[in-house]
**Q** 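One structure, as structure tokens, below. Some questions next.
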Protein chains: 2
Amino acid sequence: MGQLPTVEDVARAAGVSRQTVSNVLNSPQIVKPDTMTRVKAAIAELGYRPHASARRLRTRKSSTIGVRLDPMTNGISGSLLDRFLHALTEQAAERDLRVMLFTAQGPDGEIDEFSRLRDGADVDAFVLTSTVHDDPRTAWLLEHDFPFVTFGRPSGADDLGDPIHPWVDVDGFSGAQQATSHAIAGGARRVGYIGFADESTTALERRAGWAAESAQQLGLDGAELDTLSLAVVDGVPQGNAAALQLLGLPAPPDALVCASDSLALGAMMAAASVGRGELPVIGYDNTPVADAVGLSSVDQPLDLVAQSALELLFGTSGSTIVSRVHSATDPLYRLLTPTLVARKPTQLARVETSGSPVAGNHNER
Amino acid sequence: MGQLPTVEDVARAAGVSRQTVSNVLNSPQIVKPDTMTRVKAAIAELGYRPHASARRLRTRKSSTIGVRLDPMTNGISGSLLDRFLHALTEQAAERDLRVMLFTAQGPDGEIDEFSRLRDGADVDAFVLTSTVHDDPRTAWLLEHDFPFVTFGRPSGADDLGDPIHPWVDVDGFSGAQQATSHAIAGGARRVGYIGFADESTTALERRAGWAAESAQQLGLDGAELDTLSLAVVDGVPQGNAAALQLLGLPAPPDALVCASDSLALGAMMAAASVGRGELPVIGYDNTPVADAVGLSSVDQPLDLVAQSALELLFGTSGSTIVSRVHSATDPLYRLLTPTLVARKPTQLARVETSGSPVAGNHNER
DNA sequence: ACCAAGAATTTGAACGATCAAACAAAATCG
DNA sequence: CGATTTTGTTTGATCGTTCAAATTCTTGGT
């Protein structure tokens with residue numbers, strides 16, 4: 001099994017020329033049916049596979065997407081990125097695209113990597129996550145006219161009308177609205193909200209979703225809404241603290257909507273600790289933790305996010321970068337709608353104790 | 001900025017030949033110092049960077065490692081893989097290696113991908129995670145003589161004496177031992193254990209570590225140890241249930257060592273729910289959740305795991321695969337020692353409530 | 001000063017694929 | 001039926017780099 005077969009070997013075996021073999025692979029429609037079968041047989045026979053690097057060299061396409069792995073695993077929500085990465089890799093494979101990882105320290109380090117990967121023709125495009133306002137990375141990519149798409153809208157600009165670059169995002173307003181609506185449907189009349197203490201689009205729109213739904217269905221006014229909500233840094237202890245504070249109010253909330261599963265987990269524990277274990281708490285991101293502790297949570301359609309990202313870069317099919325000059329009918333962005341996953345908040349207490357060892361795989365490592 | 005400069009352009013600019021430029025980059029020691037400076041200046045001037053695909057085509061090395069992204073995000077511990085991936089990518093970058101992802105359904109699908117990536121010369125080696133006993137994937141790779149390392153020892157074989165393939169693992173015996181020892185140092189006299197209900201090496205060795213330490217320091221015999229331990233499927237609810245059962249014993253444990261943070265989190269909640277919130281609980285894997293809820297946990301040195309994996313594949317430096325015929329002095333495997341990260345179990349309750357919004361980034365998405 | 005041995009550099013070929021243009025075969029048409 | 005188009009296939013060149021062998025330049029010994 002010494003040498004791998006080349007297009008030359010296949011050509012010889014099938015009694016045709018190199019180029020015909022190449023055509024069978026790349027332009028099947030222009031080759032005559034019976035030569036087609038002959039060549040395909042030879043390919044199967046020899047177990048031929050095109051040499052990726054040779055192809056890349058000639059075509060000047062790497063068929064590879066670069067994604068940066070964030071330096072810090074972002075707390076519980078870190079797995080969000082993990083799941084997105086998985087979805088992206090899977091969707092990419094369907095188009096014969098590959099995902100290449102890189103890491104970097106800070107925006108400048110990341111830009112260095114952009115430059116390196118671009119010049120080495122290692123990647124055709126980047127997918128950026130956790131973008132911030134006035135992101136230097138998107139500025140660099142735009143300036144150098146290199147294809148990319150962001151997961152998260154470019155906050156501050158005219159995102160919907162005339163976005164400065166392609167983006168995909170999940171509608172946080174809708175997510176929070178659904179969560180709130182679900183709590184109300186469950187009988188709540190004062191839905192509290194624990195959100196993020198920053199000015200990001202994400203933070204603002206999720207709170208707005210909760211506020212809008214509370215105002216509309218429960219008739220609460222701005223002052224009441226302010227009383228019922230807190231903005232904190234993301235994290236379990238912060239959620240715990242905030243929930244304790246809200247539950248200590250003269251007129252405490254009878255349900256809690258949180259901007260993350262971390263906050264929600266903290267809130268759940270807080271509620272239990274003050275004897276209100278039955279309090280409905282709804283989280284965000286639908287992380288494994290939410291599933292594990294039976295927490296209702298807003299699920300982001302990461303498969304769709306990944307698919308949309310690829311569509312914005314490569315069109316509805318194929319693996320060739322589409323020009324950034326989109327038609328007016330085909331917008332540069334995708335705003336997707338999340339779904340609420342309802343769970344029984346009492347699941348934890350209900351589980352039956354099992355003394356004898358139970359078989360099963362636990363997916364360690 | 002039309003065309004990217006090639007080695008040819010640099011050569012012309014520096015007044016030397018192509019090959020000399022190539023030598024400056026690949027064999028610096030054989031080029032005369034002053035031509036060296038001249039060429040380097042030209043490289044900097046033109047902003048030249050070698051074209052990765054062209055190089056790969058010629059050298060027949062891809063300088064890329066393939067890693068499969070597991071289909072399911074493995075519950076809370078999923079982030080373990082995430083962190084490992086990050087460490088691996090970072091370590092790889094230092095050797096000018098890249099990490100390429102792929103996904104697959106089941107072992108057969110993964111083997112198909114192996115074959116595809118190998119034949120396309122996309123990767124030089126694979127890093128496998130979550131290996132199982134008699135893994136068909138390692139069998140295939142061995143049979144086709146393709147370089148790889150596993151994270152996790154090949155259970156069942158003579159791992160230490162004459163391993164059938166290179167592996168890196170973290171010593172679970174030591175980890176559980178440390179956790180147990182820490183609990184005892186904190187005053188515990190009956191340390192309970194909640195572990196995994198399967199026959200994996202991981203499950204066995206962690207329990208053995210706890211058992212050994214309990215026997216030695218506390219003088220407990222086998223029967224008592226059996227009473228104090230349970231084996232369940234990994235998960236928060238299971239941990240909760242198991243902890244409730246252990247705490248309901250006539251002579252309940254005064255501390256709990258768990259084989260995962262998921263189990264530990266469930267156990268913590270169980271303890272709190274029966275008014276034993278002060279009970280020391282120690283988890284495993286040091287996931288973000290453990291950090292968030294202030295849970296002591298055994299930390300796996302993923303940086304070292306990644307570094308060791310690369311060393312086994314590529315030697316102590318460089319990016320060329322080393323032959324699998326290792327010298328006797330240089331074993332085919334690395335067994336690393338984890339570290340216990342001690343945290344205050346009361347952290348959650350202690351956090352002060354903060355009414356006013358606090359600035360800070362919460363790393364959403 | 002001469003020649004051999006070593007060091008530094010250059011030249012032609014090759015890696016494996018696709019592109020562009022040239023060519024041959026088949027189909028269409030007046 | 002010959003001229004013209006359409007369709008299918010082949011040939012030479014090329015992508016940017018490194019390898020292998022050939023060449024030139026240094027150095028040192030006698």
Side-chain angles (χ1 to χ4, degrees), chain A residues 2-40 42-43 46-64 96 116 118-122 124 318-320, chain B residues 2-40 42-43 46-63 96 118-122 124 318-320:
Chain A
Q3 288 294 37
L4 259 61
T6 75
V7 70
E8 191 82 50
D9 300 318
V10 177
R12 194 168 20 247
V16 297
S17 71
R18 291 193 314 270
Q19 185 60 35
T20 302
V21 177
S22 174
N23 287 337
V24 168
L25 262 48
N26 302 306
S27 320
Q29 69 283 6
I30 75 164
V31 51
K32 207 152 76 178
D34 71 331
T35 39
M36 179 88 165
T37 17
R38 204 145 32 91
V39 172
K40 277 196 169 169
I43 288 181
L46 299 181
Y48 166 77
R49 272 207 248 266
H51 191 286
S53 294
R55 170 179 282 176
R56 294 206 250 270
L57 171 60
R58 192 60 180 97
T59 60
R60 313 177 132 283
K61 297 193 314 182
S62 67
S63 300
T64 302
D96 277 311
R116 198 181 316 283
R118 180 192 63 138
D119 293 348
D122 270 306
D124 290 339
S319 57
T320 309
Chain B
Q3 288 294 36
L4 256 55
T6 75
V7 71
E8 191 82 50
D9 301 317
V10 176
R12 194 167 22 246
V16 296
S17 72
R18 289 194 316 271
Q19 185 61 36
T20 301
V21 178
S22 174
N23 286 337
V24 168
L25 262 48
N26 301 308
S27 321
Q29 70 283 5
I30 75 165
V31 51
K32 208 153 76 179
D34 71 331
T35 39
M36 179 88 165
T37 17
R38 205 145 32 91
V39 172
K40 277 196 169 168
I43 290 180
L46 299 181
Y48 165 77
R49 273 207 247 267
H51 191 286
S53 294
R55 170 178 284 177
R56 294 204 249 270
L57 171 59
R58 192 59 180 99
T59 61
R60 314 179 130 284
K61 297 193 312 182
S62 68
S63 299
D96 277 311
R118 179 192 64 138
D119 293 348
D122 270 305
D124 290 338
S319 56
T320 309

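Lettering follows sequence order; numbering is per chain, from 1.
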**Q** Mind jotting down which residue pairs meet the salt bridge (Lys or Arg N to Asp or Glu O under 4.0 Å) criterion with at least one end in residues 12-39 of chain B? Sequence neighbours excluded, please.
**A** B:Asp9-B:Arg12
**Q** To the side chain of B:Ser17, which of D:dT9, C:dT10, D:dT18 is closest?
**A** C:dT10
**Q** Nearest to the side chain of A:Arg58 - D:dT14, D:dG16, D:dT17?
**A** D:dT14
**Q** What integer distance in Å separates B:Asp9:CG from D:dC15:P?
**A** 11 Å
**Q** Would you say B:Ser22 reaches D:dC19's phosphate, i.e. side-chain N/O to OP1/OP2 under 4.0 Å?
**A** no
**Q** Send over the distance from B:Arg56 CZ to C:dA17 C1', rounded to a whole Å.
**A** 15 Å
**Q** Using whole Å, report how far CZ of A:Arg12 lies from P of D:dT10.
**A** 14 Å
**Q** Determine whether the side chains of A:Asp124 and A:Ser62 contain a donor N or O and an acceptor N or O closer than 3.5 Å.
**A** yes
**Q** Mind calculating the distance between NE2 (B:His51) and P (D:dT14) to the nearest angstrom?
**A** 17 Å
**Q** Nearest to the side chain of B:Val16 - C:dC15, C:dA17, C:dT10?
**A** C:dT10
**Q** Counting only side-chain heavy atoms from C-beta out, which of D:dT17, C:dA17, D:dT10 sits nearest to B:Arg18?
**A** D:dT17
**Q** Strictly distance-based, threshold 3.5 Å: is any side-chain N or O of A:Thr37 a donor or acceptor partner for the main-chain N or O of A:Pro33?
**A** yes
**Q** Side chain of A:Gln19 only, heavy atoms from C-beta on: which candidate in D:dT17, C:dC19, D:dC19 is closest?
**A** C:dC19
**Q** Would you kindly give the CD-to-C1' distance between A:Gln29 and D:dT9, to the nearest whole Å?
**A** 15 Å
**Q** Whole angstrom is fine here: how far is it from CG in A:Asp119 over to C1' in D:dG16?
**A** 14 Å
**Q** Distance-only, no hydrogens or angles: does the B:Thr20 side chain make a donor-acceptor pair with backbone N or O of B:Val16 under 3.5 Å?
**A** no
**Q** Check whether any side-chain nitrogen or oxygen of B:Asn26 sits under 4.0 Å from OP1 or OP2 of D:dT18, and answer yes or no.
**A** yes
**Q** Examine distances only and state if a side-chain atom of B:Thr6 and a backbone atom of B:Glu8 form a donor-acceptor pair shorter than 3.5 Å.
**A** yes
**Q** Is there a side-chain polar atom (N or O) of A:Thr35 under 4.0 Å from OP1 or OP2 of D:dT9?
**A** yes
**Q** Do A:Arg56 and A:Asp122 sit within salt-bridge range, that is, some charged N less than 4.0 Å from a carboxylate O?
**A** no
**Q** Counting side-chain heavy atoms from C-beta on, which of D:dT14, C:dT9, D:dT10 comes nearest to A:Asn23?
**A** D:dT10
**Q** Tell me whether the side-chain N/O atoms of A:Thr59 come closer than 4.0 Å to OP1 or OP2 in C:dT18.
**A** no
**Q** Go through C:dC15, C:dA17, C:dT18 for me and flag the one nearest to the B:Leu57 side chain.
**A** C:dC15
**Q** Between D:dT17 atom P and B:Arg49 atom CZ, what is the distance in whole Å?
**A** 13 Å
**Q** Which nucleotide sits closest to the side chain of A:Arg55: C:dT9, C:dA17, D:dT18?
**A** C:dA17
**Q** Would you tell me if any nitrogen or oxygen in the side chain of A:Thr20 comes within less than 4.0 Å of OP1 or OP2 on D:dT10?
**A** yes
**Q** Output the rounded distance in Å from CG (B:Asp34) to C1' (D:dT26).
**A** 13 Å
